[in-house]
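All values below were derived from every heavy atom in this structure, side-chain atoms included, with hydrogens, water molecules and symmetry-related copies excluded.
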Amino acid sequence: MAEVIRIGGVPEHFNLPWRLAADAGAFAGTGVEVAWREYSAGSGELTRALRDNELDLAVVLTEGAVADILNHDRNRIAKVWVASPLVWGIHVAAQSNFDDVRDTRGRRIAISRYGSGSHLIPIVDAAERGWPTDGMEFVVVNGLDGAREALARGRADVFFWERHMTQPLVDAGEFRRVGEREVPWPAFVVSGRRDVLERRNREVRAVLDVAARAAVNVKRRKSTAPLVAETFGLRGEDVDRWLAHVRWARGYRCPAAALERAAGALQAQGVVPAGRIDAARLWFRL
C-alpha cells in the first residue's frame with residue numbers, strides 16, 4: 001500500500017487545481033496516495049495542523065507561513081503556489097455607519113484565528129496607512145461564516161477577506177467593501193513539516209509537479225470559468241477578472257526578496273521576533 005501525504009488548503013478557487021487533480025486520480029503515478037483536505041478557518045488553522053502533525057503539507061498564505069516559521073521554527077516553505085499577489089477586501093456590514101476605510105480605524109476586527117491572514121493583513125494595512133497598530137482589537141470568528149454573523153450582530157466592525165470570495169456577499173447587500181489592500185508578495189505558498197520535506201523530498205516534489213500541471217490546465221480550459229462560477233457562487237465577469245489576474249507558479253525558485261519583505265512587514269508590527277531575516281531560513285530546497 002502506498003504511503004499517504006496529507007495536504008490541506010482553504011476551500012477557495014485558488015485551490016481548485018488540487019481538488020480537480022485529486023478527484024481525477026492524477027496523483028496515482030507519484031507512488032504516494034494524496035489525501036486533500038480543506039480547512040475553512042484559513043492559514044492559522046492550517047499552520048496549526050502542520051505543527052500538530054495533522055498535515056504533512058499545507059497551501060497557506062505567504063504571510064501566514066512566514067509568521068509560523070519565525071514564531072515556531074517547525075515548518076519550511078517548499079514552493080510558491082500562487083505567484084500573483086492577493087487583494088484583500090475590507091468589509092463592513094451593509095447596515096453599518098462606516099462609509100469609508102478611514103471610518104474603520106480603531107474598530108473591532110473579525111479574524112478567523114490568530115496567525116491567519118485575516119489577522120495579519122489588518123496589521124499590515126494599518127501600518128501602511130500610518131495608523132497605530134498597538135491596541136488593535138480582534139474578535140475570533142473561525143472563518144467567513146463566523147464573520148458574517150459577527151458583523152450582522154455587531155460583535156465586530158470590519159473584516160478582511162479575499163475580495164473575489166466575498167463578492168457574492170457584497171452583491172447580495174450583506175457586506176459593503178470600503179477599501180482594499182494588495183500585499184507585495186506571492187499570495188500562497190506550500191509549507192511543509194521539516195521532517196517530511198527532508199525524508200520524503202522526492203515524493204513531495206512529484207506531488208507538487210502534478211499539482212502545478214493541473215493548475216496550468218485549469219488556466220487553459222474554457223470550462224474553468226463556468227466551473228468556478230458554479231462552485232463558488234461567483235458572477236461570470238468576476239471569475240474572468242480573477243482568471244486574468246491569478247498566476248500559479250510552475251517552478252521552485254525561492255522569491256527571497258518577497259519573503260524578506262513579508263517578514264519585515266510582520267516584524268515591524270511585532271508579529272514575529274526582531275532580528276535579521278534571511279530567506280534561506282524560511283525555504284526548503286527540494
Would you call [X] and [Y] a side-chain contact if the rule is heavy atoms closer than 4.5 Å?
X: E203; Y: I5; answer: yes
X: L259; Y: W283; answer: yes
X: V59; Y: V189; answer: no
X: W161; Y: E12; answer: yes
X: V32; Y: R200; answer: yes
X: L57; Y: L197; answer: yes
X: T104; Y: W131; answer: yes
X: F160; Y: I111; answer: no

Mark yes or no for whether [X], through its side chain, and [Y], through its backbone, hold a donor-acceptor pair below 3.5 Å.
X: T231; Y: L227; value: yes
X: Q267; Y: G275; value: yes
X: E45; Y: A41; value: yes
X: H91; Y: F159; value: yes
X: D103; Y: D100; value: yes
X: E33; Y: E3; value: no

Given the rule that I, L, V, M, F, W and Y join up when any side-chain heavy atoms are under 4.5 Å apart, are [X] and [Y] in one cluster?
X: V87; Y: I90; result: no
X: M136; Y: Y114; result: yes
X: V82; Y: V216; result: no
X: L243; Y: F232; result: yes
X: F175; Y: V178; result: yes

Give, for atom [atom1] of [X] and atom [atom2] of [Y], the distance between the pair rounded to the nearest 0.5 Å.
X: T47; Y: I69; atom1: OG1; atom2: CD1; result: 10.0 Å
X: R108; Y: D157; atom1: CZ; atom2: CG; result: 4.0 Å
X: R51; Y: L46; atom1: CZ; atom2: CG; result: 11.0 Å
X: N75; Y: S191; atom1: CG; atom2: OG; result: 4.5 Å
X: L282; Y: C254; atom1: CG; atom2: SG; result: 7.5 Å
X: R48; Y: D68; atom1: CZ; atom2: CG; result: 11.5 Å

Using every non-hydrogen atom in the two residues, find where [X] and [Y] come nearest and quote the distance to one decimal.
X: N217; Y: T224; result: O-OG1, 4.5 Å
X: A206; Y: T30; result: O-CG2, 3.8 Å
X: T62; Y: P186; result: OG1-O, 2.5 Å
X: N71; Y: P273; result: OD1-CD, 3.3 Å
X: L61; Y: G117; result: CD1-CA, 3.5 Å
X: K79; Y: Y252; result: CD-CE2, 3.8 Å

Give the C-alpha distance, both sets of side-chain angles, the deciding distance and a yes or no for ring-ring contact (aromatic ring centres under 6.0 Å, His included) between F14 and W242.
CA-CA 10 Å; F14 296 100; W242 172 70; 5.6 Å; yes
Greater than 12 external heavy atoms within 6.0 Å of R102's CZ:
no
Which is it for S118 and S112 under the side chain to side chain donor-acceptor pair (under 3.5 Å) test, yes or no, and what are the steps along the way?
CA-CA 6 Å; S118 58; S112 56; 3.2 Å; yes
Might you work through the side chain to side chain contact (heavy atoms under 4.5 Å, CB included) test for R107 and F98, ending with a clear yes or no?
CA-CA 10 Å; R107 301 295 181 174; F98 307 136; 3.4 Å; yes
Between [X] and [Y] (salt bridge meaning N to carboxylate O under 4.0 Å), is one present in this structure?
X: E149; Y: R153; answer: yes
X: R235; Y: D238; answer: yes
X: E54; Y: R6; answer: no

Please assess V60 against W81 for the test side chain to side chain contact (heavy atoms under 4.5 Å, CB included), listing each intermediate value before the final yes or no.
CA-CA 9 Å; V60 297; W81 175 239; over 6 Å; no
Could you pull out all residues at least two apart from D99 that satisfy salt bridge (Lys or Arg N to Asp or Glu O under 4.0 Å)?
R176
What verdict does the side chain to side chain donor-acceptor pair (under 3.5 Å) test give for E180 and W88, after you've listed the backbone C-alpha separation in whole Å, the side-chain angles of each residue and the deciding distance to 0.1 Å?
CA-CA 5 Å; E180 293 182 350; W88 293 79; over 6 Å; no
Please table the atom pairs, donor to acceptor, closer than 3.5 Å between any side-chain atom in residues 120-128 and protein atoms at least two apart or in another chain.
unit_1	atom_1	unit_2	atom_2	d
D125	OD1	R129	NE	3.0
D125	OD1	R129	NH2	3.1
D125	OD1	R181	NE	2.8
D125	OD1	R181	NH2	3.1
D125	OD2	R129	NE	2.9

Side chain to side chain contact (heavy atoms under 4.5 Å, CB included) for V210 and V34? Distances and angles first, verdict last.
CA-CA 11 Å; V210 170; V34 171; over 6 Å; no
Please evaluate residues R281 and D278 with respect to the criterion salt bridge (Lys or Arg N to Asp or Glu O under 4.0 Å), reporting the C-alpha separation (whole Å), side-chain torsions for both, the decisive distance (0.1 Å), and the verdict.
CA-CA 6 Å; R281 179 182 169 190; D278 186 338; over 6 Å; no
Please tabulate, for the side chains in residues 17-29, all donor-acceptor contacts under 3.5 angstrom to protein atoms that are two or more places apart in sequence or on a different chain.
unit_1	atom_1	unit_2	atom_2	d
R19	NE	E38	OE2	3.3
R19	NH2	E38	OE1	3.2
R19	NH2	E38	OE2	3.0

Assess the residue pair V170 and Q167 against the criterion (side chain to side chain contact (heavy atoms under 4.5 Å, CB included)); give the C-alpha distance rounded to whole Å, side-chain angles, the decisive distance to 0.1 Å, and a yes or no.
CA-CA 5 Å; V170 174; Q167 190 61 48; 4.0 Å; yes
Do F138 and H119 make the cut of ring centroids closer than 6.0 angstrom?
yes
